[in-house]
Protein chains: 4
Amino acid sequence: MAEKIEVGIIGATGYTGGELLRLLSRHPGVEVTFVTSEQSAGKKIDELFPSLTGIINLTLKKIATIEKSSKPDLFFVALPHGTAMTLVPSLLEKGVKIIDLGADYRLNKPALYQEWYHLDHLNPGLLTQAVYGLTEVYRKKIKSASLVANPGCYPTSILLPLYPLLKEGLVDPDFPLIIDAKSGVSGAGRSPDIRTHFSEADEGIEPYKTGRKHRHIPEIEQEIEHFSGQYRPITFTPQLLPISRGILSVIYLKLKTKKIFLEDLYKKYYDQEPFVQILKPGLSPNPKNVRGSNYCHIGFSKDPKTGVISLYSAIDNLTKGASGQAIQNMNLMFGLEETSGLASPGIFP
Amino acid sequence: MAEKIEVGIIGATGYTGGELLRLLSRHPGVEVTFVTSEQSAGKKIDELFPSLTGIINLTLKKIATIEKSSKPDLFFVALPHGTAMTLVPSLLEKGVKIIDLGADYRLNKPALYQEWYHLDHLNPGLLTQAVYGLTEVYRKKIKSASLVANPGCYPTSILLPLYPLLKEGLVDPDFPLIIDAKSGVSGAGRSPDIRTHFSEADEGIEPYKTGRKHRHIPEIEQEIEHFSGQYRPITFTPQLLPISRGILSVIYLKLKTKKIFLEDLYKKYYDQEPFVQILKPGLSPNPKNVRGSNYCHIGFSKDPKTGVISLYSAIDNLTKGASGQAIQNMNLMFGLEETSGLASPGIFP
Amino acid sequence: MAEKIEVGIIGATGYTGGELLRLLSRHPGVEVTFVTSEQSAGKKIDELFPSLTGIINLTLKKIATIEKSSKPDLFFVALPHGTAMTLVPSLLEKGVKIIDLGADYRLNKPALYQEWYHLDHLNPGLLTQAVYGLTEVYRKKIKSASLVANPGCYPTSILLPLYPLLKEGLVDPDFPLIIDAKSGVSGAGRSPDIRTHFSEADEGIEPYKTGRKHRHIPEIEQEIEHFSGQYRPITFTPQLLPISRGILSVIYLKLKTKKIFLEDLYKKYYDQEPFVQILKPGLSPNPKNVRGSNYCHIGFSKDPKTGVISLYSAIDNLTKGASGQAIQNMNLMFGLEETSGLASPGIFP
Amino acid sequence: MAEKIEVGIIGATGYTGGELLRLLSRHPGVEVTFVTSEQSAGKKIDELFPSLTGIINLTLKKIATIEKSSKPDLFFVALPHGTAMTLVPSLLEKGVKIIDLGADYRLNKPALYQEWYHLDHLNPGLLTQAVYGLTEVYRKKIKSASLVANPGCYPTSILLPLYPLLKEGLVDPDFPLIIDAKSGVSGAGRSPDIRTHFSEADEGIEPYKTGRKHRHIPEIEQEIEHFSGQYRPITFTPQLLPISRGILSVIYLKLKTKKIFLEDLYKKYYDQEPFVQILKPGLSPNPKNVRGSNYCHIGFSKDPKTGVISLYSAIDNLTKGASGQAIQNMNLMFGLEETSGLASPGIFP
């Protein structure tokens with residue numbers, strides 16, 4: 001058996017950290033050797049994730065102790081934006097590969113980062129070096145990357161259904177791109193606040209950061225421009241759903257031509273993709289069907305009277321929308337089977 | 001004290017029937033004297049609604065026994081479409097007023113009814129006589145109506161925010177009207193099926209009847225034409241939410257002019273309305289805040305880059321979206337205080 | 001019309017404060033004139049409770065400003081334990097009646113307070129003066145009380161079904177009293193923490209404060225002693241349910257005799273009680289059926305083989321378990337109709 | 001690589017069938033070759049389980065077609081009780097091993113089966129031949145069994161924590177065994193009915209089949225007798241929880257002696273068990289932490305005043321409570337690694 005690659009997780013106590021641990025605990029080619037938390041250093045992993053009791057026996061350490069530990073092959077960085085960029089350059093210098101699950105390396109242009117995050121980027125040179133980790137689109141670049149900027153959860157759910165249409169130049173540029181997206185509460189992270197307090201979020205649904213305020217917008221627009229060669233702004237409405245995991249995105253657009261047969265197009269792009277499933281006409285994606293899995297379900301419909309096309313996509317925000325895709329990228333970066341550790345179906349019901 | 005009006009509920013065992021009973025149990029000017037159910041005749045109301053134990057002491061009867069009972073002043077009809085129209089004409093002939101909570105009298109044109117419900121309308125003459133019971137818009141006509149077609153839940157949530165803009169001719173006709181709406185499961189009624197089985201609906205969200213298939217579409221388009229004088233098709237995406245009650249509708253459109261100050265416009269139309277509340281800019285409607293109440297919360301935002309306007313509205317589908325609005329209409333029809341029996345705030349949390 | 005009584009709410013921004021405001025907004029004999037919050041002073045009520053938009057137009061003030069305001073007839077005190085007792089004596093001195101929704105005046109013995117709350121009671125003399133506000137049991141004393149200690153939510157749900165059996169001396173003293181109780185998350189208050197974070201509480205159920213640690217235990221045991229004349233310890237297992245509102249308590253015990261017909265006994269005690277409903281044999285209480293209402297549903301069953309009796313009770317923890325019962329007590333204290341403002345049925349579904 | 005064993009699933013469209021398919025799709029040593037459904041014959045598996053789209057490509061067939069198909073090594077039978085026993089003998093005769101996930105072979109005594117299921121058992125001789133598939137207890141017998149009666153979900157959650165105490169003769173026989181158990185809705189199966197309709201089950205909790213009516217009682221009592229050598233009746237209160245998956249059982253009992261150190265005892269019995277995890281004192285089992293996994297979490301506490309011991313256990317009713325344990329048994333029956341296909345941690349959050 002081949003030697004296992006060794007990975008560390010920096011910021012292991014949030015939901016994306018926990019999801020990395022859950023998935024990697026079953027990965028045949030990887031061993032997690034190092035987990036950090038500034039606040040919970042000294043605690044065992046199963047104190048923070050009782051679901052890992054008897055499965056993972058690691059003690060959390062402070063980042064400052066990384067130096068002394070044996071060097072892993074890769075670090076997953078699950079830190080808040082602004083913090084990751086203080087750490088990543090020094091890690092890269094040691095020859096360790098990095099997959100950053102946060103926002104610090106997703107935008108190519110420092111000015112855009114400054115505009116949306118109100119921070120000067122500390123290592124703008126890395127922005128062009130970093131590869132955007134939307135696996136199905138950038139697979140080739142990811143294989144040789146040393147720094148992967150793992151996509152946001154909303155962007156993953158939105159860009160996968162849009163990619164074939166934009167790449168083929170089929171989207172009517174005069175019609176608006178309207179994206180109505182709904183996310184489970186785990187997308188807001190593990191830090192308690194009033195909005196994600198059970199009694200406040202349960203049995204409701206609420207739009208938030210409306211009016212072009214959500215920080216995933218520049219990331220989505222950047223990739224739309226990459227796919228189509230043309231910048232166009234989107235209208236994006238994120239909404240908080242009373243479920244733990246899952247995103248459903250509905251995208252409204254028009255096509256330049258009526259002649260396109262969408263099913264064929266999607267098959268052309270995604271038939272060989274292990275994790276992208278195009279649903280049969282009439283079936284609708286539902287995040288419940290991909291819960292805990294790395295799958296993305298895509299569907300579409302056409303309004304016969306208005307001609308508006310609706311694209312639907314469902315992912316698990318913590319898996320394909322974060323840690324699952326990160327592991328998919330890791331597999332590529334180390335020449336492992338791309339689906340390794342990731343092929344479990346969604347947990348239904 | 002004035003004499004109470006007497007009402008009967010035909011089809012009292014579904015959710016809209018139960019909601020009528022809940023609300024009317026506290027209405028100072030109304031007494032429910034007659035409740036029917038073909039399947040549960042002979043049972044007590046609290047066998048079907050344990051929440052009414054000790055509160056309502058009525059026994060369900062078959063419709064066929066109506067003749068023999070004392071004639072009420074009004075019947076609420078909560079029957080499936082197609083069934084109501086077999087019964088309503090004979091009830092009207094007796095001089096009883098009718099509020100139909102189903103779809104049989106909502107569409108003005110028999111041909112439209114036939115197209116969407118695949119049935120010939122049995123009393124097409126009543127279609128023009130029936131008043132569409134969107135209270136805030138048709139208050140005057142409702143007061144003198146003998147047959148009110150109570151609006152659907154989705155249409156209520158969509159038409160209230162659209163009305164001021166359409167009435168003033170402000171909506172850009174070249175831009176699509178896209179409506180992304182999400183409903184709690186009680187909107188699908190009380191008959192169990194696989195889609196509304198707890199384990200299937202819990203922790204998911206799923207678009208359904210996509211591609212111009214939902215029967216609320218012609219009702220919405222008819223009223224849009226009434227408001228604006230111009231027919232225009234909509235794109236409508238209904239989605240099933242894992243909550244018991246509540247609808248959130250998001251409407252995307254553009255305005256003809258940038259000069260309109262939406263807050264002023266909405267105030268002009270709704271400031272005196274007891275049940276329509278315009279939220280302060282930045283706040284988003286959430287059906288959780290109107291749960292169990294007759295209130296409609298409306299908000300809006302503008303995308304500063306694309307110019308797209310988003311309207312947001314939240315109602316309780318069983319209250320303002322059905323039984324609450326029906327009682328509001330009843331109050332008008334009998335000269336009662338419009339808010340009588342309806343003024344309770346939403347139950348939060 | 002009689003003049004309205006004026007009430008103030010001290011600590012109005014938590015869930016019990018919000019529930020008081022919701023219920024009192026519809027109370028015909030009461031006007032809320034004063035609401036306090038140390039943290040949110042200056043804000044409007046609807047900023048904290050959007051469900052009250054257009055319904056309550058009050059601005060939160062600091063407690064320190066009470067002096068300058070017009071004196072209300074009653075204060076509801078919804079402060080954390082330990083804080084209420086710093087304030088209540090001075091309020092009482094002004095001749096204002098008090099209903100304390102917290103724990104400071106529930107225990108008769110200062111030593112017990114010290115043991116469970118790890119604080120010396122600041123006004124132990126008031127402990128014997130305060131009336132325990134379990135309305136159905138202490139109605140007479142409440143009518144003339146100037147300080148009512150409103151019961152905890154768990155105790156209310158547990159003491160109402162136990163009272164008739166204990167009062168009649170029917171409970172087998174040699175058999176343990178085991179109470180397995182489950183509460184919705186709003187019972188834990190409005191302050192966000194990790195345990196009540198949506199993603200942590202959703203889709204789970206977890207016992208907490210097991211092994212005789214929950215502070216409602218001495219309150220329950222004190223009343224059991226009052227009812228039966230005999231102290232006996234209970235075994236109490238509180239559990240957190242993934243619902244916003246509601247408590248289901250299951251109580252296991254044995255009776256001294258097999259000759260008792262429970263239905264008759266409960267009828268004797270509760271048939272005239274407006275808010276206590278004894279369910280027919282075979283029906284089980286469910287907090288869903290009393291949601292948002294002041295009702296308590298009680299049921300029972302007997303295991304034919306072991307002879308164990310199970311009592312079941314369901315309340316809404318915020319209504320009968322807190323603010324509803326407080327208003328019921330207020331009605332008694334001011335000679336108002338006991339059910340005034342409280343008679344709405346539970347919201348189902 | 002060793003040849004894969006071939007299995008068929010009879011009754012593959014319910015939740016236990018779906019869970020078998022989900023788990024077996026990742027099992028390295030098994031291939032599902034045959035799936036049946038009388039109602040959905042001819043459909044593809046992913047039409048019934050969209051979560052298996054692109055993962056399992058099997059078509060449902062009628063049971064009658066089994067003859068013609070290649071003979072598998074094992075059949076999982078997931079049929080309603082009463083139906084399984086019409087089929088199992090003929091399957092066994094062909095030399096196929098059987099794991100029955102239903103109730104037909106769990107009770108050793110035909111009379112008990114008749115009493116609880118109101119049916120004469122058709123093959124009473126098989127009742128003694130069948131091995132009760134509680135893996136941790138009957139591992140040795142299971143290895144050589146040809147017919148395994150897979151335990152019910154409640155019994156699994158209750159017997160695992162009870163076993164060590166009963167086996168060691170530590171439980172006080174004079175104290176009642178009270179079991180307060182709560183199950184997610186998937187435990188009620190996939191057939192829609194009013195009790196499991198989303199709007200009825202959501203935001204509530206309800207005891208059902210109270211007063212010694214639940215059919216898991218004889219199964220639990222039979223095993224208690226097996227473990228301890230002594231029959232004793234239990235008091236069992238099943239309750240329906242508003243979650244899709246998961247059971248929490250709380251068991252109240254007393255011990256004969258105060259000298260026992262429970263943590264040591266549980267370690268002795270379960271320390272080497274891969275799927276039974278004893279939580280540290282103070283931590284409580286929560287089905288959320290074992291969701292989708294084959295793990296059973298066990299905790300306990302002692303009331304210092306009453307001496308009552310509470311045992312807590314959490315499982316996923318569809319995994320360790322049904323299909324996961326069935327696969328664990330299959331692994332044993334075919335000499336595969338016992339954890340094969342089962343070692344994934346619970347999905348949290």
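All heavy atoms count here, side chains included; hydrogens, waters and symmetry mates do not. Numbered from 1 within each chain, the chains take letters A, B, ... in sequence-line order.
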>> Thr210(D) vs Phe300(C), test: side chain to side chain contact (heavy atoms under 4.5 Å, CB included). Steps then yes/no.
In response: CA-CA 9 Å; Thr210(D) 56; Phe300(C) 44 85; over 6 Å; no
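- When atom types are taken as modelled, the side chain of Lys305(C) and the backbone of Arg212(D) share no donor-acceptor pair closer than 3.5 angstrom.
- Checking side-chain atoms of Ser284(D) against main-chain N and O of Glu206(C) turns up no donor-acceptor pair under 3.5 Å.
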> Would Leu241(D) and Leu241(C) satisfy side chain to side chain contact (heavy atoms under 4.5 Å, CB included), going step by step from the backbone distance to the final call?
Replying inline: CA-CA 8 Å; Leu241(D) 278 185; Leu241(C) 278 184; 3.5 Å; yes
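- Residue Ser310(C) comes nearest to Thr235(D) through the heavy atom pair OG-CG2, 4.5 Å, listed as atom of the first residue, atom of the second, then distance.
- At least one side-chain heavy atom of Leu248(C) sits under 4.5 Å from a side-chain heavy atom of Pro207(D).
- Put simply, the side chain of Glu203(D) gets close to the backbone of Ser244(C): a donor and an acceptor are under 3.5 Å apart.
- Distance NZ/Lys209(D) to OG/Ser301(C): 14.5 Å, rounded to 0.5 Å.
- Here Gln239(D) is the residue among Arg232(D), Lys213(D), Arg245(D), Gln239(D) with the most heavy-atom pairs under 4.5 Å with chain C.
- Side-chain contact of Thr237(C) with Tyr312(D): a donor-acceptor pair under 3.5 Å is absent, judged by distance alone.
- Among Gly299(D), Ala201(D), Pro304(D), the residue with the largest count of heavy-atom pairs under 4.5 Å with chain C is Pro304(D).
- Counting only distance, with no hydrogens or angles, the side chain of Lys288(C) and the backbone of Asp202(D) share a donor-acceptor pair below 3.5 Å.
- When side chains are defined from C-beta on, Thr306(C) counts as touching Pro233(D), because their heavy atoms get closer than 4.5 Å.
- Contacts between Pro285(C) and chain D at a heavy-atom distance below 4.5 Å involve the backbone alone (N, CA, C, O).
- Looking only at distances, a side-chain donor or acceptor of Asn286(C) sits under 3.5 Å from a matching main-chain atom of Ile205(D).
- Within the 4.5 angstrom heavy-atom criterion, only backbone atoms of Ile234(D) (N, CA, C, O) approach chain C.
- Between the CD1 atom in Ile251(D) and the CG atom in Asp180(C) there is a gap of 11.5 Å [rounded to 0.5 Å].
- Note on Gly246(C), Pro287(C), Gly307(C): by heavy-atom pairs under 4.5 Å with chain D, the leading option is Pro287(C).
- Tyr252(D) and Tyr252(C) have tilted rings, their planes meeting at an angle from 30° to 60° on a 0 to 90° scale.
- Side-chain contact between Lys182(C) and Lys182(D): present, with at least one pair of heavy atoms (C-beta onward) separated by less than 4.5 Å.
- In terms of non-hydrogen atom pairs under 4.5 Å with chain D, the most contact-rich of Leu240(C), Ile309(C), Val308(C) is Val308(C).
- Smallest separation of non-hydrogen atoms from Pro349(C) and Ser199(D): CB-O, 3.3 Å.
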